[in-house]
Amino acid sequence: MPKLIDHTAREIEVAEAAWRVAARDGVRGVSVRSVAAEAGIAPASLRRAFPTQAALLAYCLDLIRRRAAARITALAEITDTASAAAVLEELLPLDDERRLEAEVQFSLGTAALADPSLRTVADAAHRDVTHACRLVARVLTAPPRTERTTAMLHALLDGLALHLIRQGEDEPTDWAVEVLRRQLADLHPADGGSGNTGA
């Protein structure tokens with residue numbers, strides 16, 4: 001019998017290889033040849049899954065978005081600063097997996113500014129982060145402040161993520177967690193303030 005291929009698994013394998021190439025060589029280094037070599041597959045197999053570079057890059061960015069959404073969905077409902085922090089921390093590069101995702105997301109997000117084929121996916125990722133921040137804001141603040149708090153949290157996440165990926169891979173990340181938790185405690189001091197800001 002012919003060997004059955006799990007096409008979804010193959011697409012994810014290719015996308016993860018493309019992430020590594022993009023993180024190492026930049027978006028310009030992502031080509032059929034380089035990604036196929038990184039994934040250990042024939043270029044023809046890659047082209048069957050992704051006929052164009054644009055299709056591959058869009059899938060790479062969307063996979064990051066879907067994985068972040070899945071991690072957040074798996075968490076408990078947001079009820080206080082601790083559960084709010086757990087949600088927003090999933091959007092920060094606090095481990096190797098999320099660091100790679102963040103590096104690629106920033107690279108592709110920047111490329112999307114001049115590439116319409118990536119803009120739709122980049123905009124969807126941006127909306128997902130805004131949605132997560134709004135869920136937190138609705139729990140921790142009163143309605144008149146919700147949208148302002150949402151924007152502030154989104155900007156805070158973007159800034160923390162950028163600092164984290166610019167620092168060395170072996171440098172500590174707990175400072176970013178503390179900054180985030182302190183900000184959330186300031187929004188909702190009823191949870192105990194400093195009692196929710198520890199690492």
Side-chain angles (χ1 to χ4, degrees), residues 16 19-20 22-24 26 60-113 121-199:
E16 290 175 340
W19 290 355
R20 296 191 294 273
R24 184 179 65 237
C60 285
L61 189 53
D62 191 57
L63 182 60
I64 293 170
R65 181 188 69 81
R66 289 186 284 119
R67 283 190 171 178
R71 290 195 298 265
I72 289 173
T73 299
L75 296 174
E77 181 181 358
I78 301 170
T79 57
D80 53 19
T81 57
S83 53
V87 167
L88 297 186
E89 285 165 21
E90 288 299 337
L91 300 172
L92 291 177
L94 300 174
D95 55 29
D96 291 343
E97 178 184 357
R98 284 175 287 173
R99 181 184 178 89
L100 177 59
E101 291 177 357
E103 289 177 353
V104 175
Q105 185 165 20
F106 270 105
S107 296
L108 294 181
T110 301
L113 296 175
V121 182
D123 287 348
H126 184 85
R127 288 193 300 272
D128 280 1
V129 177
T130 298
H131 178 66
C133 292
R134 185 174 290 114
L135 291 176
V136 168
R138 285 174 177 167
V139 172
L140 302 186
T141 64
R145 298 175 55 201
T146 299
E147 288 309 306
R148 182 175 62 185
T149 301
T150 296
M152 180 275 293
L153 289 173
H154 196 154
L156 177 63
L157 286 178
D158 284 350
L160 290 175
L162 183 58
H163 278 279
L164 285 166
I165 63 175
R166 286 177 64 89
Q167 73 178 28
E169 292 185 18
D170 297 328
E171 293 184 36
T173 61
D174 54 346
W175 65 268
V177 173
E178 182 177 358
V179 168
L180 176 62
R181 293 184 183 182
R182 285 188 182 278
Q183 184 60 60
L184 294 175
D186 286 346
L187 289 173
H188 203 253
D191 282 343
S194 61
N196 288 300
T197 61

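This one's a predicted model, so the numbers in the text were calculated from it and none came from an experiment.
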Subject >> Leu108/Val121 under side chain to side chain contact (heavy atoms under 4.5 Å, CB included): CA gap, chis, key distance, verdict >> reply: CA-CA 10 Å; Leu108 294 181; Val121 182; over 6 Å; no
Subject >> Verdict with supporting geometry, Thr81 and Arg181, side chain to side chain contact (heavy atoms under 4.5 Å, CB included) >> reply: CA-CA 7 Å; Thr81 57; Arg181 293 184 183 182; over 6 Å; no
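- When all heavy atoms of Val104 and Ala22 are compared, the closest pair comes out as CG2-CB, 4.4 Å.
- Checked against salt bridge (charged side-chain N to carboxylate O under 4.0 Å, His left out), Arg127 has no partners two or more places apart in sequence or in another chain.
- Within the structure, the ring pair (Phe, Tyr, Trp, His ring centres under 6.0 Å) test picks out the following pairs touching residues 148-182 (sequence neighbours left out): His126-His154.
- At a threshold of 4.5 Å between non-hydrogen side-chain atoms, the residues Ser83 and Asp80 count as touching.
- To the nearest 0.5 Å, atom OG1 of residue Thr130 and atom CG of residue Asp123 are 10.5 Å apart.
- Residues Leu91 and Ala132 come closest through the heavy atom pair CD1-CB, 4.0 Å.
- Residues Cys60 and Trp19 approach most closely at O-NE1, 3.3 Å, considering heavy atoms.
- Partners of Asp95 under the side chain to side chain contact (heavy atoms under 4.5 Å, CB included) rule, at least two apart in sequence or in another chain, are Glu97, Arg98.
- Remark: Ala176 engages Leu160, Leu164 in a side chain to side chain contact (heavy atoms under 4.5 Å, CB included) (not counting sequence neighbours).
- Residue Leu88 is tested with Val129, Leu157, Ile78 for a side-chain contact (heavy atoms from CB on, under 4.5 Å); the sole match is Leu157.
- The side chain to side chain contact (heavy atoms under 4.5 Å, CB included) search around His131 returns Leu135, not counting sequence neighbours.
- For the pair Leu92 and Val177, the minimum side-chain heavy-atom distance is 4.5 Å or more.
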**OP:** Verify side chain to side chain contact (heavy atoms under 4.5 Å, CB included) between Thr79 and Val139, making sure each step is shown before the conclusion.
**Re:** CA-CA 7 Å; Thr79 57; Val139 172; 5.5 Å; no
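- Within a 6.0 Å radius of CD in Glu77, other residues, nucleotides and ligands contribute 12 heavy atoms or fewer.
- Contact between Leu140 and His188 at its shortest, heavy atoms only, is O-CD2, 3.4 Å.
- Taking Thr110 as the reference, nothing meets the side chain to side chain donor-acceptor pair (under 3.5 Å) condition, with sequence neighbours excluded.
- Applying the side chain to side chain contact (heavy atoms under 4.5 Å, CB included) rule to Thr141 yields the partners Ala137, Arg145, Thr146, Thr149, Leu187; only residues at least two apart in sequence or on another chain are considered.
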Check: residues 65-74 side-chain donor-acceptor pairs under 3.5 Å, at least two apart:
from	atom 1	to	atom 2	distance (Å)
Arg65	NE	Asp62	OD1	2.9
Arg65	NH1	Asp128	OD2	2.9
Arg65	NH2	Asp62	OD1	3.0
Arg66	NE	Asp62	OD2	3.0
Arg67	NH1	Glu16	OE2	3.0
Arg67	NH2	Glu16	OE2	2.6
Arg71	NE	Glu90	OE1	2.9
Arg71	NH1	Glu101	OE1	3.3
Arg71	NH1	Glu101	OE2	3.4
Arg71	NH2	Glu90	O	3.2
Arg71	NH2	Glu101	OE1	3.1
Thr73	OG1	Ala69	O	2.8

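- With rounding to the nearest 0.5 Å, the separation of CD in Glu147 from CE in Met152 is 12.5 Å.
- With hydrogens and angles disregarded, a donor-acceptor distance shorter than 3.5 Å links the side chain of Arg99 to the backbone of Ile165.
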